Amino acid sequence: MSDLALTAIDLHVSYGQTPALRGVSFAVREREVFGIAGESGSGKTTIAMAALGLLRPPGRVVRGRILLDGVDVLRLSEEALRRLRWRDVAFVPQASLNALNPVLRVEEQIEDAIVAHEGPQGRTALRGRIAGLLDAVALAGSVARRYPHELSGGMRQRVCIAMATALHPRLLIADEPTSALDVIVQRSVVESLVAATERLGASLVVIGHDLALLAQLVDRLMVMRRGRVVELGSARDLYREPTHPYTRALLEAVPAIGNPRLYRTPLAAPDCVAGGRCDGGRSFSEGSATMHDVSPGHLVACESTFTAAIVAG
């Protein structure tokens, strides 16, 4: 087994003729909580869809590699991908109401995922297992018999977390799991997600634009802009010493108590902290871009062409 749960190398994805990812590379370590931040349209969700093999036309991977425990998922057949999902990597979607089947009870939907991968099982044992999954995310056993529309947004999100952990995957990918939830409910959802990850001993990738939330949750953070990585490092480094102008702009957009001023991320924020020159940069075999070492493990894009990013080990 590799000590990296997920690795993307020089990943290029396009929707028709429109590029969505342009040379994205990164690595998620075992048991790490890894954050991907950026505004809408930066390519965050596209990374998740590519890693899960869920891109649909006109979306396509132009080139690159995505390794899950050393296996390139882009070379797998559809049947092999189907076996891999839920069992090795699971997804917690943003819109739980859309993700859950409205005409099936919660227990039926969790049961489908389990039986599809493990085969038929005894009814009593299966119901006990489903009750345990719901209990692990602080939901009563009675939720199993309810339909999605009978649940609150926070409850539906925790049902999605329970489903994602049903087969004990090594990697969870959560796409803006607290979007459209109030701050109190956000806390319970995040606590459920973190607890589930720790219980499984799994890695977690959290995609979002809420930097305040990500700061409390992730070990390392990757900031994206226009389909490229602009900065990557520990959450502490990026919040205390943001280097790229775009990262600083995102942080300034977070409202502060006592400061009524509203910020917006400038569309014309510079792409390069060194004007396209990076005398102290490093080149990586995974791509042709140069990243500048601000400090150990803290890297910032330092080439205006952004043909690729890095694998941070």
Side-chain angles (χ1 to χ4, degrees), residues 4-8 11 21-29 31-45 47-48 173-179 186 190 193-194 197 203-257 259 263-266 269-274 278 280-282 284 286-287 289-304 306 308-313:
L4 298 177
L6 178 69
T7 307
L11 185 61
L21 297 178
R22 295 181 279 184
V24 170
S25 300
F26 64 92
V28 180
R29 302 162 183 154
R31 297 176 179 265
E32 179 180 34
V33 181
F34 186 85
I36 303 177
E39 61 190 321
S40 296
S42 61
K44 307 185 301 297
T45 299
I47 290 176
I173 300 177
D175 186 9
E176 303 204 27
T178 61
S179 178
Q186 283 183 9
V190 167
L193 186 59
V194 171
T197 305
S203 303
L204 173 63
V205 175
V206 184
I207 297 168
H209 60 268
D210 187 339
L211 293 181
L213 178 65
L214 289 173
Q216 304 173 56
L217 183 60
V218 306
D219 301 314
R220 288 191 301 143
L221 181 63
M222 181 172 77
V223 179
M224 294 189 62
R225 182 178 186 233
R226 297 175 180 173
R228 299 179 173 114
V229 179
V230 297
E231 194 161 359
L232 190 155
S234 71
R236 179 186 296 268
D237 285 346
L238 263 67
Y239 280 88
R240 290 187 174 182
E241 298 180 46
T243 302
H244 197 279
Y246 180 69
T247 305
R248 292 199 295 267
L250 283 179
L251 290 170
E252 289 173 354
V254 177
I257 296 176
N259 183 0
Y263 294 86
R264 66 181 181 86
T265 55
D271 276 336
C272 180
V273 298
C278 187
R282 293 191 335 207
F284 293 81
E286 290 78 15
T290 302
M291 301 292 286
H292 176 70
D293 293 304
V294 178
S295 61
H298 182 184
L299 302 135
V300 61
C302 210
E303 182 177 335
S304 57
F306 281 108
I310 68 141
V311 171

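Not measured: the values here are computed from a predicted model. Any value given below was found using the heavy atoms of this structure, including those in side chains, with hydrogens, waters and symmetry copies removed.
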Nearest heavy-atom pair of [X] and [Y]: which atoms, and what distance?
X: Pro177; Y: Val206; result: CD-CG1, 4.2 Å
X: Pro296; Y: Asp237; result: O-OD2, 4.5 Å
X: Val24; Y: Arg228; result: CG2-CA, 4.4 Å

For residues 210-218, run the donor-acceptor check on the side chains, cut-off 3.5 Å, and write out each pair with its distance to 0.1 Å, sequence neighbours left out.
residue : atom : partner : partner atom : Å
Asp210  : OD1  : Ala212  : N            : 3.2
Asp210  : OD1  : Leu213  : N            : 3.1
Gln216  : NE2  : Ala212  : O            : 3.2

Q | Note, Ser25 side chain near Val229 side chain (heavy atom, < 4.5 Å) | A |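 No. Closest side-chain heavy atoms not under 4.5 Å.
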**Q.** Any Leu6 side-chain heavy atom under 4.5 Å of Phe26 side chain
**A.** yes
Q | Side-chain donor or acceptor of Arg226 paired with backbone N/O of Arg22 under 3.5 Å | A |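 Answer holds: no.
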Q) Can you tell me if Lys44 uses its side chain to pair, donor with acceptor, with the backbone of Met224 under 3.5 Å? A) no
Nearest-0.5 Å distance, [atom1] of residue [X] to [atom2] of residue [Y]:
X: Ile207; Y: Met222; atom1: CD1; atom2: CE; result: 8.5 Å
X: Ile36; Y: Glu176; atom1: CD1; atom2: CD; result: 11.0 Å
X: Ser234; Y: Asp219; atom1: OG; atom2: CG; result: 9.5 Å
X: Leu232; Y: Leu238; atom1: CG; atom2: CG; result: 7.5 Å
X: Phe34; Y: Glu32; atom1: CZ; atom2: CD; result: 6.5 Å
X: Thr45; Y: Asp175; atom1: OG1; atom2: CG; result: 3.5 Å

Q: Could you walk me through whether Leu204 and Leu193 pass the side chain to side chain contact (heavy atoms under 4.5 Å, CB included) test, one step at a time?
A: CA-CA 9 Å; Leu204 173 63; Leu193 186 59; 4.0 Å; yes
(Q) Could you work out, with side-chain contact (heavy atoms from CB on, under 4.5 Å) as the rule, every residue matching Ser203, not counting sequence neighbours? (A) Ala5, Val28, Glu30, Leu171
Q: Sequence neighbours left out, what passes side-chain hydrogen bond (donor to acceptor under 3.5 Å, both in side chains) with Thr247? Give chain and number order.
A: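 Here the qualifying residues are Glu231.
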